[in-house]
Amino acid sequence: AATNATVNLYWHVVSQDTTLEGGNIPDSMIADQIAVLNEDYAPSGLQFVLAGTTRTVSWEWFNNVNPSTPTDQTQMKQQLRQGGAADFNVYSVGFTTPAAAGLLGYSTFPADYASDPTDDGSVILFSSLPGGSTDRFNEGKTLTHEAGHWVGLYHTFMGGCTGSGDLVDDTPPEASPASGCPTGRDTCSSPGLDPINNYMDYSDDSCMTQFTPGQGARMADQLRTYRDIDI
Ligand code: ARG
Ligand code: ZN
């Protein structure tokens, strides 16, 4: 990267009570998560610094916030979001409602900011943090993946084997999301094995190790265009 940029990160802990199992993660887990994030984004020239932490006990938000029933998340974000287009807001919740079952996280994209600034940011499962209780997804790669959307990246399996896929040309196309950490997975006839080690696939955390140079270029372009961030 030509330049390095630092993004302010606002962490919003939403819990159903004041216990760890209820989502009240300690500051040390948040620090460990941000360390993972910074390690994963270092080659791209992007770094995140904790600019504030909020703690809210809300049974309703902890359990019911999810992308398909927007009422709770709109209310949560209106109350908690801080900063502007260049600031990263992260909400940790429980996703226990049936509509959210199995969800690890979801995010907005840079181009969404202008039409709905309050919605901007990532919502993640609190137990996906490093040391959390979600089996196979507790090394912090969920936030790396969600931050990938926040900087403008699509899934590596976008569009399957045909078409423009994820709009990045050094991520070989794949037919569908990978799971686990398969050896030699190759779902498309075009050159290249499936990018199962990419942060923007769906593999296990232990399998996720990289962004490509093409993804680095796309994030730089998206960040400059929509968030006024130069990397
Ligand atoms: N399924 C989620 C999404 O599409 C996140 C996947 C995260 N994967 C992981 N290994 N932590 O945004
Ligand atoms: Zn995703």
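Just so you know, these numbers come straight off a predicted model, no measurement behind them. Counting starts at 1 for both ligands and their atoms, following the listed order.
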Any idea how [X] and [Y] line up, ring-wise: parallel (<30°), tilted (30 to 60°), or perpendicular (>60°)?
X	Y	result
Phe109	Tyr154	tilted
Phe211	Tyr199	perpendicular
His145	His149	perpendicular

Is any N or O atom of His145, backbone or side chain, closer than 3.5 Å to an N or O atom of ligand 1? yes
At a 4.0 Å threshold, what atoms of ligand 1 neighbour a non-hydrogen atom of [X]?
X	result
Glu146	2 (C), 3 (C), 5 (C), 12 (O)
Met208	8 (N), 9 (C), 10 (N)
Phe137	9 (C), 10 (N), 11 (N)
Gly105	2 (C), 3 (C), 12 (O)
Lys141	11 (N)
Asp205	9 (C), 10 (N), 11 (N)

- Report yes or no: do Phe137 and Phe126 belong to one cluster of Ile/Leu/Val/Met/Phe/Trp/Tyr joined by side chain heavy-atom distances under 4.5 Å? yes
Give a yes/no verdict on whether any heavy atom in His155 is under 4.0 Å from an atom of ligand 1.
yes
Could you tell me if any non-hydrogen atom of Arg136 lies under 4.0 Å from any atom of ligand 1? no
Any donor-acceptor pair under 3.5 Å linking the side chain of Thr225 with the backbone of Gln222? no
Q) Distance-only, no hydrogens or angles: does the Asn38 side chain make a donor-acceptor pair with backbone N or O of Phe48 under 3.5 Å? A) yes
For [atom], what is the nearest protein heavy atom, given as residue, atom name and distance?
atom	result
atom 4 (O) of ligand 1	Tyr202 OH, 2.6 Å
atom 7 (C) of ligand 1	Leu104 CD1, 3.8 Å
atom 10 (N) of ligand 1	Ser203 O, 2.7 Å

Correct closest heavy-atom pair for Cys188 and Ala175 would be SG-N, 3.5 Å
### Message
Strictly below 4.0 Å, N to O, side chains only: are Asp205 and Arg136 in salt-bridge contact?
### Response
no
**Prompt:** With a 4.0 Å cut-off, would you call Asp169 and Arg218 a salt bridge?
**Reply:** no
For His155, the N, O or S atom at the shortest distance from the Zn ion (ligand 2) is NE2
Going by the 4.0 angstrom heavy-atom rule, the piece of Ser128 near ligand 1 is neither
